[in-house]
Number of protein chains: 2
Amino acid sequence: MSILFSRECEYALQAVSYLALKPAGELTSIKDLTKKLRIPYHFLAKILQRLVGKGLLISQKGPSGGFGLAAPAESITLFHVVDAVDGSDFLHRCVMGFPECSGKHPCAVHGTWGDLREKVYQMLVNQNVAQTAQEMRKPEYRD
Amino acid sequence: MSILFSRECEYALQAVSYLALKPAGELTSIKDLTKKLRIPYHFLAKILQRLVGKGLLISQKGPSGGFGLAAPAESITLFHVVDAVDGSDFLHRCVMGFPECSGKHPCAVHGTWGDLREKVYQMLVNQNVAQTAQEMRKPEYRD
DNA sequence: TTAAATTAAGACAAGAAAGTCTGAATAGCA
DNA sequence: TGCTATTCAGACTTTCTTGTCTTAATTTAA
Ligand code: SF4
Ligand code: SF4
């Protein structure tokens, strides 16, 4: 099981971060991405296509085609990506899985968990993919 | 998709909390639990059996049999339950799904996410199921 | 204009998680 | 003793997620 976000969403975060590393306007093919990130080729293709649909990425077919960010890396936050793929339900759900967080009769962890969710949200919103791209400069991700 | 913990784990948390509401030594049948918590009967049975195996619950067969806590409610924390069902991997995993958190080349969210995981852990460890049981006294869970 | 390289679209397959069913074992009780 | 209510064990089914494959459309460049 994945933590907090779906596998697809995790891959999306990784892929967008990788694209953020490239100069604006440069396109990267699925082949390149899949080689660096070790994400299944066709699965990644679907994910990227969805992100194009959501307006986060642009794409071009044909030789020298590929994918690139649709906006400056500094303006795309992790939350943009998460929201596009998994949605934002996770910001409202009870950690114990109780059906409704009425708020009228909160349990003992209600406040604590609410705070943590908020902090996760802040983390995602405050982090843009230009910053995250630095991760890609780690030795293990170099050519 | 469930958040942070598997469905099975969420059900376990709910069930143990419900049992914590009963006087020590009193046994509750799956039938009763499933009626109150709206958890599928046979699925709940498997979960409870696993918790017995892990030593968190005790059980007795036959008429007037059922399940009960194996220790005082105050001594069982949410983390005990989570650990028994889902394990504690979630305390070490990267929120973006990157394979390894080496720590040698941390990305920009590494520290923040690590702090949040730690706070989740503290929440689970500090909360015992006697406290959580109060949730069950909510109007919507009364008979 | 043709060939090659790429994305686009969607059906299909495999695997994992969630849920169901059946029969056996055990315990209480008349 | 037998009857009934319960847990126990495990196989089975369903549903969801993840991953694969195939074919079409588009673009570039020889
Ligand atoms: S009150 Fe507590 S248990 Fe209930 S929904 Fe809110 S966080 Fe979850
Ligand atoms: S450095 Fe950041 S992206 Fe890499 S594993 Fe740690 S938290 Fe995840």
Side-chain angles (χ1 to χ4, degrees), chain A residues 1-15 19 22 25-35 37-70 82 85-87 89-90 97 99, chain B residues 1-15 19 22 25-35 37-70 82 85-87 89-90 97 99:
Chain A
M1 202 200 23
S2 65
I3 185 174
L4 211 46
F5 305 130
S6 68
R7 207 70 189 274
E8 179 172 353
C9 187
E10 292 180 348
Y11 288 159
L13 288 165
Q14 296 176 21
L19 291 176
K22 301 299 175 95
E26 182 175 325
L27 299 179
T28 308
S29 69
I30 302 174
K31 197 146 52 101
D32 282 0
L33 282 162
T34 207
K35 196 181 298 176
L37 300 174
R38 306 291 170 145
I39 299 172
Y41 186 95
H42 294 283
F43 195 25
L44 180 55
K46 278 206 306 196
I47 295 169
L48 295 176
Q49 282 162 28
R50 171 186 287 206
L51 291 176
V52 170
K54 293 279 182 173
L56 265 119
L57 300 183
I58 54 170
S59 68
Q60 195 176 21
K61 294 179 183 175
S64 78
F67 297 85
L69 301 184
V82 167
V85 180
D86 274 3
D89 276 7
F90 75 97
Chain B
M1 202 199 25
S2 66
I3 185 175
L4 211 47
F5 304 130
S6 68
R7 206 71 184 273
E8 179 172 354
C9 188
E10 292 179 349
Y11 288 160
L13 288 165
Q14 296 176 22
L19 291 176
K22 301 299 175 95
E26 183 174 325
L27 298 179
T28 308
S29 70
I30 301 174
K31 196 146 53 99
D32 281 1
L33 282 163
T34 208
K35 195 181 300 177
L37 300 174
R38 306 289 171 145
I39 299 172
Y41 186 95
H42 294 284
F43 194 25
L44 180 56
K46 280 206 306 194
I47 295 170
L48 295 175
Q49 283 162 28
R50 171 186 287 205
L51 291 176
V52 170
K54 293 279 182 175
L56 265 122
L57 300 183
I58 53 169
S59 68
Q60 195 175 22
K61 294 178 182 175
S64 77
F67 297 84
L69 301 184
V82 168
V85 179
D86 273 3
D89 276 7
F90 75 97

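All values reported here derive from a predicted model rather than from experimental measurement. First the proteins, then the strands, lettered A, B, ... as listed; each starts at 1.
- Between Ala15(A) and Leu33(A) the shortest heavy-atom distance is O-CD2, 4.2 Å.
- Per the geometry, CG belonging to Leu51(B) stands 11 Å off P belonging to dC8(D), to the nearest Å.
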For this session: For Phe67(A) and Leu51(A), run side chain to side chain contact (heavy atoms under 4.5 Å, CB included): C-alpha distance rounded to whole Å, both residues' side-chain angles, the deciding distance at 0.1 Å, then the answer.
Result: CA-CA 10 Å; Phe67(A) 297 85; Leu51(A) 291 176; over 6 Å; no
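- Regarding Ile3(A), its CD1 atom lies at a distance of 15 Å from the P atom of dA17(C), rounded to whole Å.
- For Tyr11(A), no side-chain nitrogen or oxygen approaches OP1 or OP2 of dT18(D) to under 4.0 Å.
- Considering only heavy atoms from C-beta on, Leu37(B) stays 4.5 Å or farther from Tyr11(B) through its side chain.
- In this structure, Phe90(B) and Ile3(A) approach most closely via the heavy-atom pair O-CD1, 3.4 Å.
- OP1 and OP2 of dA5(C) both lie 4.0 Å or more from every side-chain N or O belonging to Lys31(A).
- Rounded to whole Å, atom P of dT27(D) lies 14 Å from atom CZ of Phe67(A).
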For this session: Would you check, one step at a time, whether the test side chain to side chain contact (heavy atoms under 4.5 Å, CB included) holds for Leu56(B) with Leu69(B)?
Result: CA-CA 6 Å; Leu56(B) 265 122; Leu69(B) 301 184; over 6 Å; no
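- Across the protein-nucleic acid pair, Phe5(A) atom CZ and dT17(D) atom P stand 16 Å apart, rounded to whole Å.
- The nearest whole Å value for the distance from the CD1 atom in Ile58(B) to the P atom in dT7(D) is 13 Å.
- Rounded to an integer number of Å, the gap from CD of Glu10(A) to P of dT17(D) is 14 Å.
- Heavy atoms of Ile30(A) sit under 4.0 angstrom from primed sugar atoms or phosphate atoms, though from no base atom.
- Between Ser29(B) and dA5(D) there is no side-chain N or O to OP1 or OP2 distance below 4.0 Å.
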Please produce a list of atom pairs where a protein N or O lies less than 3.5 Å from an N or O of nucleotides 28-30 of chain D.
residue : atom : partner  : partner atom : Å
dT28(D) : OP1  : Gln60(A) : NE2          : 3.4

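- At whole-Å resolution of the value, CG in Leu33(B) and P in dA5(D) are 19 Å apart.
- Out of dA18(C), dT18(D), dA9(C), the shortest distance to the side chain of Arg7(A) is found at dT18(D).
- Distance CG/Leu48(A) to CD1/Ile39(A): 8.0 Å, rounded to 0.5 Å.
- The heavy-atom pair separating Val85(B) from Ser6(B) by the smallest distance is CG1-OG, 4.4 Å.
- Under a cut-off of 6.0 angstrom, the local environment of NZ in Lys22(A) is crowded, with over 12 non-hydrogen atoms contributed by other residues, nucleotides or ligands.
- Counting only heavy atoms from C-beta on, Ser59(A) has its side chain closest to dT7(C) among dT6(D), dT7(C), dG19(C).
- Considering all non-hydrogen atoms of both residues, Glu8(B) and Phe43(B) come closest at CB-CZ, 4.1 Å.
- Atoms CG (Leu27(B)) and C1' (dT6(D)) sit 11 Å apart, rounded to a whole Å.
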Which protein N or O atoms sit under 3.5 Å from an N or O of nucleotides 20-22 of chain C?
residue : atom : partner  : partner atom : Å
dC21(C) : N4   : His42(B) : ND1          : 3.3

